[in-house]
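Computed from heavy atoms alone, side chains included, the values below leave out hydrogens, waters and symmetry copies. Chain naming here is simple, since letters A, B, ... match the order of the sequence lines and numbering starts at 1 in each. All figures in this text were calculated on a predicted structure; none of them were measured in a lab.
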Amino acid sequence: MTAALRARGLGRSYGRLWALSDCTLDVPAGRVVGLVGPNGAGKTTLLHLAVGLLTPSTGTIEVLGGRPAAGPAQLAKVGFVAQDSPTYAGLSIEDHLQLGARLNPGWDDALARDRIRRLGLDLTRRAGKLSGGQRAQLALTLGVAKRPELLVLDEPVASLDPLARREFLQDLMEAVAEHELSVVLSSHLVSDLERVCDHLIVLVASRVQLGGDIDTLLATHHRLTGPRRDPARLPADQHVISASHTDRQSTLLVRTEAPILDPAWTVDQVGLEDLVLAYMGQSATDRRDAGRPPTLEVQR
Amino acid sequence: MIEFHLDDRSGLSPYLQLVRQVRQALRVGLLREGDQLPTVKAVVARLAINPNTVLKAYRELEHLGLVSARPGVGTFVTATLADASFAAHDSLRQDLRRWLADARHAGLDDESIEALFVTTFRTTAHEDIA
């Protein structure tokens, strides 16, 4: 099966500033990928590289086996909804659908109109008069009706209220179930993505800190609590992601493929949000120590 | 037809929550042999979760021998977990209610009742093994 996304040593600089460095990724097709990181981490840069709006400064990126925006066939395979769901404020919904039909060879007009009807939107209404949630739904409709193999969404729910957010994600997941889409969506909040994603990429300060299928990530990370101990004395296959100590107790978050056998530890599962925060915190510590944060990739 | 719900704070992964809800429904007789589970698309549209999560839960239930998928039709219940012991539930529930009333009467609050139950449950479970 062709990978949805494959990057090798991918980097992009703006002058002397690196927005993305040394990014190596393999994302299988058919996944719903969450791209998480604080604002300014390089999420938008990575997405723009994937859809061909930017070209790499270093390294390579392949999307569905081809170079981004290499030609009409590649463009037709990838749908992109930029941040804040851009639409043409002066154009009606009908205009948007006709525009979509003219610009996209694979346009599914029945699907687009069916979605607009189910959303209860009036075709004559101008996009500028829609609510934030409705505008996001219109942008999603255009992205899905293009019938791409991969849909890329940059911060699709960031500006939506909780109800609109839920409705947007319900619709997105329905489209995934119906059309077997691969999806990459970014957010600075893990909680937005926890239910919908099955693959996660954590990007901090222009580097990939963590990437892999969420089930694998959760199965290979554990929280250990027990009597105070020097993390350096753990077995070699247990990698410490974060550690905190009181005078008596140590709490560690470790990554390991093997079971934890030491009976001194109480072993707990780690939630996705805690896991992501630990990696973000780790990269902050590493930067303070002037070292380069290690790129970690959990293999299947 | 049952309806799924998710608890983000349960600490259980969404797929395990779905598996557990089906088992629960089977155990109390809410789902019976021949009943259809909601379609993947319906679950996805309701809960805003990844379709693969639902598929994984249904595969697990199939693996447990509780349901079977008929391609193009849906997923159907093929077994029951409400066994012969189901008949004893009513009288056990009454005993338990009586016990709870006694515990409240003796001045135990909810937390103490739960703690007492859990520790006793664990001790006896332990004795049974030993």
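- Close approach to chain A, defined as a heavy atom under 4.5 Å from one of its heavy atoms, is seen in no residue of residues 100-115 of chain B.
- The minimum heavy-atom distance linking A/Leu217 with A/Gly211 is given by the pair CD2-O, 4.3 Å.
- The closest side-chain heavy-atom distance from A/Cys197 to A/Leu185 is below 4.5 Å.
- Interface remark: of the candidates A/Val176, A/Val196, A/Leu169, A/Val196 forms the most heavy-atom pairs closer than 4.5 Å to chain B.
- A search for side chain to side chain donor-acceptor pair (under 3.5 Å) contacts involving B/Arg93 returns B/Asp90, not counting sequence neighbours.
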Chain B/chain A interface donor-acceptor pairs under 3.5 Å:
| unit_1 | atom_1 | unit_2 | atom_2 | d |
| --- | --- | --- | --- | --- |
| B/Asp8 | OD1 | A/Arg195 | NE | 3.3 |
| B/Lys41 | NZ | A/Glu178 | OE2 | 2.7 |
| B/Ala45 | O | A/Gln170 | NE2 | 3.1 |
| B/Arg46 | O | A/Gln170 | NE2 | 2.7 |
| B/Leu47 | O | A/Arg195 | NH1 | 2.8 |
| B/Asn50 | N | A/Arg195 | O | 3.1 |
| B/Asn50 | ND2 | A/Val196 | O | 2.8 |
| B/Asn50 | ND2 | A/Asp198 | OD2 | 3.2 |
| B/Asn52 | ND2 | A/Asp198 | OD2 | 2.6 |
| B/Lys56 | NZ | A/Asp215 | OD2 | 2.4 |

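- Looking at every heavy atom in both residues, A/Leu97 comes nearest to A/Ala112 through CD2-CB, 4.0 Å.
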Q. Could you walk me through whether A/Val81 and A/Leu140 pass the side-chain contact (heavy atoms from CB on, under 4.5 Å) check?
A. CA-CA 7 Å; A/Val81 178; A/Leu140 177 64; 5.7 Å; no

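- Side-chain contact between A/Leu138 and A/Leu130 is present, with at least one heavy-atom pair separated by less than 4.5 Å.
- Residues A/Leu218 and A/Ile214 form a side-chain contact, since some pair of their non-hydrogen atoms from C-beta on lies under 4.5 Å apart.
- Heavy atoms only, all atoms of each residue included: A/Leu151 and A/Phe80 are closest at CD1-N, 4.4 Å.
- Contact of B/Leu6 with chain A is made through backbone and side chain together, with heavy-atom distances under 4.5 Å.
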Q: Might you work through the side-chain contact (heavy atoms from CB on, under 4.5 Å) test for B/Asp35 and B/Leu30, ending with a clear yes or no?
A: CA-CA 10 Å; B/Asp35 283 348; B/Leu30 204 64; over 6 Å; no

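- Here B/Phe76 pairs with nothing under the ring-ring contact (aromatic ring centres under 6.0 Å, His included) rule; sequence neighbours left out.
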